[in-house]
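To start, the structure under review is shown below, and the notes come after it.
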Amino acid sequence: MPIRNQKIRDSYLGLGENYRALLEPSAVWSSIFSCMGYKPPTVKLPIPPEKIDGQTMTFKPVRDGIDLEVSGVMQVIEDANGFNVNASYIVSQNPPLCRVYWFDQPEIDAIVKLAVKEKRRILIVDDDREITRLVKILLERTGRYSVLEENDATKAYQSAQDFRADLILLDVMMPETDGGEVAAQIEADPDLQRTPIIFLTALVTKPETNTGLRIQGHPSLAKPINIPELITGIEENLPAQ
């Protein structure tokens, strides 16, 4: 029986009948493969299928001629000799266009390695709830991070103590307590002082931050936040596991 997950179906609700066709049982897939003369790669999974089935992952669909990271929901289908694993990803919104990418064994090995790796804890402190919510969603969508939002700067230090983040994203300008004060509190705590901090600020330009501008000795990124740049900054500053 194919490995299925309800949230796969839920994630495509509202995208139209063409997208729903992607969600039919493996018998339908088999008829499509036979018509197309295509056999998806059969792979071995060193972990239980449910560990990745239904999870949102980022990947590069290189065999589709796309050398950029996209996001898609993983689907695991049991095969007589192993598993077929795919992810559907959006190519364009207008007109709506979706593709299904089938992973080969090296790609699956890399995905499994990422799936079993403990997620890094990221604390984002910013009084703008829309910003923290968007950053949380986009970072967690990568499958690499667990993100906690804190919109009250006066509670940021306590949140840092409780959450034990691997890295803190810290806005500079906030009411009551600014980012510099929060950073000073964290640096004064022996248990937290080694936690990397990245300042997020609208007070400097992207060219300035690209030159390596540091605030109170910490790296900085300019707002509005560019998510690929943010992920690069996070990975460069995270302590080794």
Side-chain angles (χ1 to χ4, degrees), residues 1-117 119 134-145 147 225-232 235:
M1 295 294 291
I3 307 299
R4 305 293 300 179
N5 193 305
Q6 182 61 39
K7 61 184 175 184
I8 297 177
R9 186 174 298 275
D10 293 343
S11 67
Y12 289 95
L13 289 178
L15 292 180
E17 294 302 324
N18 291 336
Y19 292 88
R20 291 174 190 159
L22 300 172
L23 304 174
E24 295 303 315
S26 56
V28 176
W29 283 115
S30 298
S31 63
I32 292 174
F33 299 148
S34 62
C35 292
M36 297 176 62
Y38 175 75
K39 181 175 177 57
T42 298
V43 299
K44 304 295 183 182
L45 293 180
I47 61 174
E50 57 269 20
K51 290 287 186 180
I52 60 173
D53 186 61
Q55 299 298 313
T56 299
M57 296 284 185
T58 57
F59 60 94
K60 288 184 178 182
V62 290
R63 289 192 304 282
D64 289 351
I66 299 176
D67 194 28
L68 298 173
E69 284 197 339
V70 300
S71 294
V73 179
M74 305 291 291
Q75 181 185 30
V76 180
I77 300 173
E78 191 168 359
D79 181 84
N81 300 312
F83 297 91
N84 306 133
V85 183
N86 73 67
S88 300
Y89 66 98
I90 304 299
V91 180
S92 66
Q93 298 285 355
N94 188 19
L97 180 60
C98 181
R99 287 182 182 173
V100 177
Y101 187 78
W102 296 91
F103 299 96
D104 60 21
Q105 191 66 56
E107 292 169 327
I108 285 298
D109 290 342
I111 288 172
V112 167
K113 183 177 179 181
L114 181 62
V116 300
K117 189 176 181 179
K119 293 182 180 180
L134 179 61
V135 170
K136 176 182 172 67
I137 290 171
L138 294 177
L139 288 183
E140 290 190 340
R141 187 174 290 174
T142 68
R144 307 177 202 172
Y145 313 110
V147 182
I225 299 168
N226 177 289
I227 294 299
E229 288 181 3
L230 177 61
I231 291 175
T232 297
E235 291 299 319

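Taking a cutoff of 4.0 Å between a charged side-chain nitrogen and a carboxylate oxygen, Arg141 and Glu69 do not qualify as a salt bridge.
Side-chain contact check for Ile66 versus Lys60: every heavy-atom pair is 4.5 Å or farther apart. Contact check for Glu140 versus Lys119: no side-chain heavy atoms found under the 4.5 Å cut-off. Contact check for Leu45 versus Val76: side-chain heavy atoms found under the 4.5 Å cut-off. Side-chain atoms of Gln55 and Val73, non-hydrogen and from C-beta on, never get closer than 4.5 Å to each other. Counting heavy atoms from C-beta outward, Cys98 and Tyr89 have side chains that stay 4.5 Å or more apart. At a threshold of 4.5 Å between non-hydrogen side-chain atoms, the residues Tyr145 and Lys136 do not count as touching. Between Ile47 and Ile52 there is a side-chain heavy-atom pair separated by less than 4.5 Å. Annotation: side chain of Val85 is not in contact with side chain of Glu107 (no heavy-atom distance under 4.5 Å).
Counting only distance, with no hydrogens or angles, the side chain of Asn84 and the backbone of Pro41 share a donor-acceptor pair below 3.5 Å. Between the side chain of Asp79 and the backbone N or O of Asn81, at least one donor-acceptor pair lies under 3.5 Å.
Residues Lys44 and Gln105 approach most closely at N-OE1, 2.8 Å, considering heavy atoms. Considering every non-hydrogen atom in both Asp104 and Val43, the closest pair reads C-CG1, 3.7 Å. For Met74 against Ala87, the heavy-atom pair with the smallest separation is SD-CB, 4.1 Å. Considering all non-hydrogen atoms of both residues, Thr58 and Ser71 come closest at CG2-OG, 3.5 Å.
Other residues, nucleotides and ligands contribute at most 12 non-hydrogen atoms within 6.0 Å of the NZ atom of Lys51.
Between Tyr101 and Phe59, the ring planes lie parallel to each other; the angle is under 30°, not in the 30° to 60° tilted range.
Taking CD1 from Ile231 and CD1 from Ile225, the interatomic distance works out to 11.5 Å, rounded to the nearest 0.5 Å.
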